[in-house]
Protein chains: 2
Amino acid sequence: MSDEQSEAVRLLWGPHPKPKRGPKPALSLNRIAQAGIEIADAEGLAAVSMQRVAGLLGVTKMALYRYVPGKAELVAVMVDTAIGGAPPPNEPRRDWREQLGGWARHLSTVFHRHPWLLDATVGPRVIGPKELAWMEQALAALDNTGLTGAERMDAVVLLTGHVRGIALQARAAGPEGSPEAQLAATLGELMRAHGERYPALTAALASAAESGGQDEALEFGLHRILDGLGLLITQRTN
Amino acid sequence: MSDEQSEAVRLLWGPHPKPKRGPKPALSLNRIAQAGIEIADAEGLAAVSMQRVAGLLGVTKMALYRYVPGKAELVAVMVDTAIGGAPPPNEPRRDWREQLGGWARHLSTVFHRHPWLLDATVGPRVIGPKELAWMEQALAALDNTGLTGAERMDAVVLLTGHVRGIALQARAAGPEGSPEAQLAATLGELMRAHGERYPALTAALASAAESGGQDEALEFGLHRILDGLGLLITQRTN
DNA sequence: AATAATCAGTGTCTGGCGGACACAGTTTTT
DNA sequence: AAAAACTGTGTCCGCCAGACACTGATTATT
């Protein structure tokens, strides 16, 4: 049971036994994670290499391996650091709907601030304490709603999936610069060339264009999900 | 406008002008994509390298660059190939709800069959014709529902986000082998050690465990989403 | 105070990756 | 027959993650 996974667990969940002898460390896990986050925020997760991170810290790349067993674990720490503390605690006076809505919007801003979280959170991995705190928060909002444990879990998965999906398409559309224009133009060309094969898509795009797109995708899905949950909850509590 | 993006567009959308002189190609775009898919299905997207693909085809890696400008484009072709043809056309006798439900379940099986699609479809990229056909199909199901074009698009994004989210957690839980057991055991250990910090999570897990988890997450979210959409649609059509 | 143990950071090396480029061999056009 | 066009190969580069042996700094033990 002392495999590489438990290394990641110890790194994320502690304890961090500090050495008694030898020179004092010039770095810290937190500083390393911050450096990685800085690079990932600016240039994406692919730009995060041991060399880059080490260079940013004025150190050789091999020095990082004194703090982190490998790149995967570094990314894991980056994720849990970037996710940050959970949102302010649920106020009991608000109902589950307001709480979950606020939670999802808050999570959405996190994904917007650190788009590389999308890349870093695909695939099996060890979850960190702050990430788990997010899930705890959402689950707590669903207390006393009559939902079973499995249903509460499924509801949270549903919400996070939506937030992720929105972040995904937000990145595909591009923030503002050239990639957006190019990709959008490319799609426009495609539709002009092959539009007859996709009539419903053509119609939807035209309709969306004339009504002035204002990116309500997050709110739209959120309202649908919360409405659907509401139906189930009233059905359970009556 | 003859950048590298248009290369990918030409590759995915044609036309494919075939040369008149020179030796006949030993490979084809399709065979290369199939080889890549085979590797990705078996060992994940990370195992797909030019060398591996070329080796599987009995060829040097540089030969692949005669068919594909780079690895990103190869992955794009793999994606559009693996997604496969759209599901059988919508039967007009079924209502939007049945159509969208079937569509989402069908899409879910695709993600289950090719888990690496999750990795391959993060980040800005050129969309392929088959992928667009999937979107077309879902949009067509929402014709005559009173929803605006933007709303129809948002609804499809919501559905795909959910299917992706389910595929994501399905992979995190592991198919059957050791990673599942290890990760689940790890989570169990964490909960045992830090459970008091996550009371709602502890309660939900306990409740889910005793009711016998049977992985209804896909259906749960699907029903909530369709219920929520149903509310909006009846509101619009009345 | 001297020695031994421990630990931080470095330098060097390996194998694998994507990809640029020049080249040889094959096929078709002129 | 010659030239043009095209396919697949061999070689090279820079970057990557990581293994390993090492130097030098710091502290506990004697």
Side-chain angles (χ1 to χ4, degrees), chain A residues 3-5 7-8 10-11 16-33 35-36 39-40 43-78 116 119-120 123 125, chain B residues 3-5 7-8 10-11 16-33 35-36 39-40 43-78 116 119-120 123 125:
Chain A
D3 47 9
E4 55 186 29
Q5 253 182 42
E7 276 289 320
R10 197 186 45 73
L11 214 64
H16 295 265
K18 43 180 177 178
K20 284 301 175 187
R21 283 194 265 209
K24 298 177 183 174
L27 306 173
S28 74
L29 198 54
N30 220 305
R31 279 197 59 197
I32 295 175
I39 297 173
E43 303 176 44
L45 191 63
V48 176
S49 73
M50 293 297 187
Q51 318 227 39
R52 284 291 306 270
V53 175
L56 192 56
L57 295 167
V59 134
T60 332
K61 70 165 180 175
M62 290 313 291
L64 302 184
Y65 287 94
R66 294 281 170 191
Y67 302 84
V68 163
K71 194 192 177 181
E73 289 79 8
L74 168 58
V75 173
V77 177
M78 283 171 56
W116 51 271
D119 310 88
R125 64 207 172 78
Chain B
D3 47 9
E4 57 185 26
Q5 253 183 41
E7 276 289 321
R10 197 185 46 72
L11 215 62
H16 296 262
K18 44 179 177 178
K20 284 301 175 187
R21 283 195 266 211
K24 298 176 183 176
L27 307 173
S28 74
L29 197 54
N30 222 304
R31 279 197 58 198
I32 296 175
I39 297 174
E43 304 176 42
L45 192 63
V48 177
S49 74
M50 293 297 189
Q51 318 226 39
R52 284 291 305 270
V53 176
L56 192 57
L57 294 168
V59 134
T60 332
K61 69 166 182 176
M62 290 314 292
L64 302 183
Y65 287 94
R66 294 282 171 194
Y67 301 82
V68 161
K71 195 193 177 180
E73 289 80 7
L74 167 59
V75 174
V77 177
M78 283 171 56
W116 51 271
D119 311 88
R125 64 206 173 80

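Below, chains carry the letters A, B, ... as their sequence lines are ordered, and counting in each starts from 1.
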Atom CG of B/Leu29 and atom P of D/dT7 are separated, to the nearest Å, by 13 Å

What pairs meet the salt bridge (charged side-chain N to carboxylate O under 4.0 Å, His left out) rule with one or both residues in residues 53-73 of chain A, with sequence neighbours excluded?
-> none

Under 3.5 Å, side-chain donor or acceptor atoms of residues 16-25 of chain B against the rest of the protein: list the pairs with distances, not counting sequence neighbours.
{"unit_1": "B/His16", "atom_1": "NE2", "unit_2": "B/Leu11", "atom_2": "O", "d": "3.3"}

Between D/dG8 and B/Tyr67, is there an OP1 or OP2 to side-chain N/O distance shorter than 4.0 Å?
-> yes

How close or far is atom C1' of D/dG8 from atom CD1 of B/Ile32, stated in whole angstroms?
-> 12 Å

Map B/Lys71 and A/Thr60 onto DNA chain C by nearest heavy atom, then report which one ends up closer to the 5' terminus.
-> A/Thr60

Would you mind building the protein contact string for nucleotides 21-30 of chain D? One character per nucleotide, 5' to 3', B for base within reach (heavy atoms under 4.0 Å), S for sugar-phosphate only, - for untouched.
-> ---BBBBS--

Using a heavy-atom distance cut-off of less than 4.0 Å, which residues of residues 49-57 of chain B contact DNA chain C?
-> B/Ser49, B/Met50, B/Gln51

Quickly work out the A/Met62 CE to D/dC16 C1' distance and round it to whole Å.
-> 13 Å

Taking heavy atoms of chain B and a 4.0 Å limit, find me the 5'-most and 3'-most nucleotide of DNA chain C within that range.
-> C/dC17 to C/dT29

Does the A/Tyr67 side chain pair with the main chain of A/Ile32, one donor and one acceptor, at a distance under 3.5 Å?
-> no

Which pairs count as salt bridge (charged side-chain N to carboxylate O under 4.0 Å, His left out) when at least one residue sits in residues 51-60 of chain B, sequence neighbours excluded?
-> B/Glu43-B/Arg52

For B/Ala35, check side-chain contact (heavy atoms from CB on, under 4.5 Å) against everything at least two apart and list the hits.
-> B/Val53, B/Leu56, B/Leu57

What integer distance in Å separates B/Lys61:NZ from D/dC12:C1'?
-> 10 Å

With sequence neighbours left out, what residues match A/Thr60 under side-chain contact (heavy atoms from CB on, under 4.5 Å)?
-> none

Looking only at heavy atoms, the pair that brings A/Ala63 and A/Val59 closest together is CB-CG1, 3.3 Å

